[in-house]
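Data block below; observations after.
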Amino acid sequence: FMLFFDNFSLCPCEDTIAPNEPPPMLYVPNIFSPNHDGHNEGFRLRSPQIDSLHLEIYNRWGNKIFETNNPNDAWDGTYQSKDCETGNYVWWAEITFKNGKKEIRKGNVSLVR
């Protein structure tokens, strides 16, 4: 006759579940039109919850054409003071939110003139 003890029954166990915190809100446009009409002139990531940001934008050949560490900066659709072509561009961002959460996000944006 053998007696086995379950280790789980020998010690009290507790588990807590952290409250479900909603993800930080982030608005990312997928198109902008820097045509000097006063609407959608620049591309930037927007959120009142951004603490810091590093944003890079690349053309279709993989060349970096815009970079900023200022969450209020917007890409105006130019590179070296010249208008960029209508088309799709890739963006990459490292974001730190005010709650301390860090995220890397990436996507595409269309420039329309």
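The analysis underlying the following values was restricted to heavy atoms, covering all of them including side chains, and did not include hydrogens, waters or symmetry mates.
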query = Do L26 and R105 come close enough that some side-chain heavy atom pair is under 4.5 Å?
reply = yes

ask   = Looking at the rings of W91 and Y58, which for Trp means the six-membered one, are their centres under 6.0 Å apart?
value = no

Test item: L53 and L45 side chains (from C-beta on) under 4.5 Å apart, heavy atoms = yes

ask   = Can you tell if the side chain of E94 reaches within under 4.5 Å of the side chain of E56, non-hydrogen atoms only?
value = no

ask   = Under 4.0 Å between a Lys/Arg side-chain N and an Asp/Glu carboxylate O for D73 and R44?
value = no

inquiry  = Nearest 0.5 Å, please: how far is NZ in K106 from CG in N108?
reply    = 10.5 Å

request  = Would you mind reporting whether F43 and V109 have side-chain heavy atoms less than 4.5 Å apart?
outcome  = yes

inquiry  = Regarding N88 and S110, do their side chains bring together a donor and an acceptor under 3.5 Å, going by distance alone?
reply    = yes

query = Transitively linked via ILVMFWY side-chain contacts under 4.5 Å: L111 with V90?
reply = no

ask   = Hey, any chance W92 and F32 share a hydrophobic cluster, counting ILVMFWY side chains that come within less than 4.5 Å of each other, even indirectly?
value = no

query = Out of W61, Y79, W75, which residue meets the ring pair (Phe, Tyr, Trp, His ring centres under 6.0 Å) rule with Y89?
reply = W75

message = I'd like to know whether E41 forms a side-chain hydrogen bond (donor to acceptor under 3.5 Å, both in side chains) with H39, so could you lay out the CA-CA distance, the side-chain angles of the two residues, the decisive distance to 0.1 Å, and finally the verdict.
response = CA-CA 5 Å; E41 295 296 320; H39 301 287; over 6 Å; no

note = Between the SG atom in C84 and the CD1 atom in I65, the distance rounded to the nearest 0.5 Å is 4.0 Å

query = Heavy-atom distance under 4.5 Å between the side chains of S47 and Y27, does that happen here?
reply = no

key: Verdict with supporting geometry, T68 and N70, side-chain hydrogen bond (donor to acceptor under 3.5 Å, both in side chains)   = CA-CA 6 Å; T68 187; N70 183 340; 5.6 Å; no

query = Should E85 and R60 count as an ion pair when the cut-off is N to O under 4.0 Å?
reply = yes

ask   = What's the spacing between I95 CD1 and Q49 CD if we round to 0.5 Å?
value = 11.0 Å

query = Applying the 4.5 Å side-chain criterion to the ILVMFWY set and letting contacts propagate, would V28 and L55 be lumped into a single cluster?
reply = yes

ask   = If you take all heavy atoms of V112 and P34, which pair is closest and at what distance?
value = O-CD, 3.8 Å

ask   = For the atom pair NZ (K98) and CD1 (I50), what is the distance rounded to the nearest 0.5 Å?
value = 9.0 Å

key: Check: S52 main-chain N/O paired with T96 side-chain donor or acceptor under 3.5 Å   = no

ask   = Looking at CG of N59 and NZ of K64, how far apart are the two atoms once the value is rounded to the nearest 0.5 Å?
value = 12.5 Å

